[in-house]
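Report on the structure given below.
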Amino acid sequence: MTQAAQIRRMPIELANKIAAGEVVQRPASAVKELLENAIDAGATDISVLIRASGSNLIQVRDNGTGMSSQDAAQCFERHATSKIAQAEDLENIRTLGFRGEALASIAAIAQVSLKTKRQEDTEGTHVRIEGGEVTETSPCAIAVGTTINVRNLFFNVPARRSFLKAPTTEFRHISEVFVTCALANPWTAFRLEHEKQEVYRLPGSRAENFLDALRERLRVILGSNVARHLVQVDEGTSYISASGFLAHPEHARKSRKNQYLFVNGRPIKSPSLNHAIRSAYDAILPEEQKPAYALFLSVDPRNVDVNVHPSKIEVRFNDDRGVYNFVQAICRRALGVAELIPQHPGAVSSLSFQQERSDSSGSWSPPARADELPALHGQQTSIVYEVEPSRLPSGADPKPSGFLWQLQDSYILTQLSNGILVVDQYAAHQRILFENALEDLRSGAGLSQQLLFHHLICLTQQDCQLLRELDPLAKALGFDYSISENRTVTVRGVPSHIRVGAEKELLQSILDGYKESSETELAPLPAEEKMARSLATRGAIQPGVKLSDEGMRTLIDRLFECKEPYRTPGGKPTLIRVTLEELNRRFDQRMTDHGEPDEIIP
Ligand code: ADP
Ligand code: MG
């Protein structure tokens with residue numbers, strides 16, 4: 001038997017070294033912490049100098065507030081921070097740092113020299129610290145701000161040092177950290193130098209608006225080609241807002257490079273939100289392609305926990321799912337809208353959708369979805385709409401300026417940045433109704449439109465039985481009816497967002513549709529899905545129905561708010577794009593003597 005080891009308190013230097021491993025995994029992590037400190041200190045000009053991919057020297061120089069000589073000596077102590085004083089402050093973090101751990105960790109595993117001076121001091125302070133031991137404190141001459149030199153990182157942790165990857169890999173990480181920080185602070189000037197070569201020089205933007213400043217920075221970082229076709233996102237609810245840019249699908253790449261995500265100005269990694277954004281591109285990008293983006297989310301600090309990871313790159317929202325849905329919806333919408341109009345600067349933003357700001361504080365609900373299509377044509381109907389105020393359509397701007405044209409009363413045509421878009425109105429409305437119906441079935445709260453004249457139908461024995469089985473689903477969709485002894489059904493209300501004219505036959509035809517899909521589907525579908533599909537196919541506006549301008553616009557808007565806007569529940573396309581290349585190719589053919597293009601001659 002082995003003897004139980006005796007418990008001892010470990011020496012502070014050892015504890016610091018171990019903790020350092022969590023904060024400083026590689027040179028890039030030290031660069032990140034130093035950059036964040038400079039930002040927290042209000043610097044407007046930050047310069048980073050690197051030698052040997054950070055293993056020989058990392059220098060960060062800033063023109064921020066600087067530190068008093070007392071703070072300069074103290075800042076290397078663990079849990080020394082000027083950023084939080086009490087536990088409540090943790091709920092309300094607005095600085096990048098707050099743990100007071102970074103400098104202590106870096107100093108535990110490197111030779112560090114700090115020079116710093118505040119505006120009000122006549123001289124600066126120089127502190128040297130090595131493996132956690134202060135070796136020198138003296139006055140020095142320096143401009144206002146702080147310069148930190150970190151030499152020989154991991155000099156006393158050989159195992160760590162030997163784990164470093166190839167210098168190019170380590171420098172790539174540094175450069176990534178640098179770029180990320182520069183994107184989040186576009187008004188700050190940044191410079192990065194490696195082995196005496198200038199890698200980036202980014203002047204601070206003078207734009208007043210954050211998105212304009214960010215766009216300038218993206219131009220340098222992604223290149224002007226990519227920056228020219230950025231899709232702007234700028235939307236918010238009372239819980240969350242998002243602004244930033246998504247790259248055009250044609251600039252997607254195979255690598256995840258250039259995917260930048262921030263929460264309250266803090267860079268984060270979130271596989272789930274990456275997925276939300278990627279899924280917005282689903283129908284326009286092959287699977288292996290990764291779009292570039294820079295997206296900034298902001299939420300009340302009380303609704304997000306940034307303290308779940310030692311290097312603060314993971315966050316948790318008190319409503320993760322709601323955030324996922326929001327991000328997916330706004331990206332989908334931004335991409336959808338951008339495709340609908342010719343791309344010129346400003347055009348996209350002028351269309352950007354203002355999410356209704358609800359008064360409920362704290363609690364968050366996903367973006368309001370389309371609950372009803374306004375009457376798509378002006379027919380007189382005997383319908384009394386009973387719409388609860390809370391479920392009125394969102395504040396979505398229903399009037400994009402793009403020109404819409406209805407072909408054969410069946411297809412909606414509109415111009416894209418690089419071609420034309422043809423939307424099948426019946427297919428599109430099916431998709432919208434289907435997703436609405438699924439949501440109603442989930443929430444059990446479908447809206448009902450009350451019929452002015454109750455409608456009587458006489459059901460067969462079999463249908464009557466089926467309706468009794470489906471009763472909870474039918475009611476959840478918004479049907480309001482009662483069944484009498486002799487199989488007569490009195491229909492008093494029907495789901496509210498179906499096409500005008502479908503009310504009378506709807507219940508019967510949904511039962512028929514339900515039975516059909518039970519017979520024809522290869523894989524058995526859940527009852528909810530069969531109901532939703534059947535409502536969608538029976539309740540959607542048919543081909544041959546004339547739509548108003550407003551109706552067309554609403555239809556397209558709502559389509560792009562869907563989770564899967566590009567196909568019907570049955571798998572048929574809802575829209576087709578014809579690109580300019582395709583048109584050019586077809587016009588660029590030699591004509592035969594008969595005056596017809598080669599292609600269509602058999
Ligand atoms: P944290 O950022 O979590 O507070 P750090 O260990 O990174 O912890 O820094 C400790 C403290 O040192 C900070 O709270 C700040 O007061 C001070 N400090 C660090 N870097 C700078 C800087 N570049 N300019 C001014 N003060 C700084
Ligand atoms: Mg810090």
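Because only heavy atoms are used, hydrogens play no part in the values below, and waters and symmetry mates are left out as well, while side chains stay in. Both ligands and their constituent atoms are indexed starting at 1 by order of listing.
For residues 180-196, the pairs satisfying salt bridge (Lys or Arg N to Asp or Glu O under 4.0 Å) are Arg191-Glu193, Arg191-Glu198, with sequence neighbours left out.
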If you look only at distance, which donor and acceptor atoms sit under 3.5 Å apart when one is on a side chain in residues 61-72 and the other is two or more places apart or in another chain?
unit_1 : atom_1 : unit_2 : atom_2 : d
Asp62  : OD1    : Gly64  : N      : 2.8
Asp62  : OD1    : Thr146 : N      : 3.3
Asn63  : OD1    : Thr44  : N      : 2.8
Asn63  : OD1    : Asp45  : N      : 3.0
Asn63  : ND2    : Thr44  : OG1    : 2.9
Ser68  : OG     : Asp71  : N      : 3.1

Q. What's the verdict on side chain to side chain contact (heavy atoms under 4.5 Å, CB included) for Leu114 and Cys75, showing C-alpha distance, side-chain angles and the deciding distance?
A. CA-CA 10 Å; Leu114 163 86; Cys75 67; 4.1 Å; yes
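The parts of Ala102 lying near ligand 1 are both backbone and side chain, judged by heavy-atom distances below 4.0 Å. At a 4.0 Å heavy-atom cut-off, ligand 1 touches Leu103 through backbone and side chain alike. Counting heavy atoms closer than 4.0 Å to ligand 1, residue Asp71 contributes nothing at all.
Annotation for Pro27 and Gly54: closest pair CB-CA, 4.0 Å, computed over non-hydrogen atoms.
Taking a 4.0 Å cut-off on heavy atoms, Glu33 fails to register as neighbouring ligand 1.
At least one N/O-N/O distance between Asp62 and ligand 1 falls below 3.5 Å.
Short contacts between ligand 1 and Cys75, defined as distances under 4.0 Å to a heavy atom of the residue, involve ligand atoms 10 (C), 12 (O). Every atom of ligand 1 is numbered from 1 in the order shown, and the set under 4.0 Å from a heavy atom of Ala41 is 24 (N), 25 (C). Under a 4.0 Å criterion applied to the non-hydrogen atoms of Glu101, ligand 1 contributes the atoms 6 (O), 8 (O).
Note on Glu170 versus Arg26: salt bridge recorded, some NZ/NE/NH1/NH2 to OD/OE distance being below 4.0 Å.
A donor and an acceptor atom, one from each side chain of Ser205 and Glu216, are located under 3.5 Å apart.
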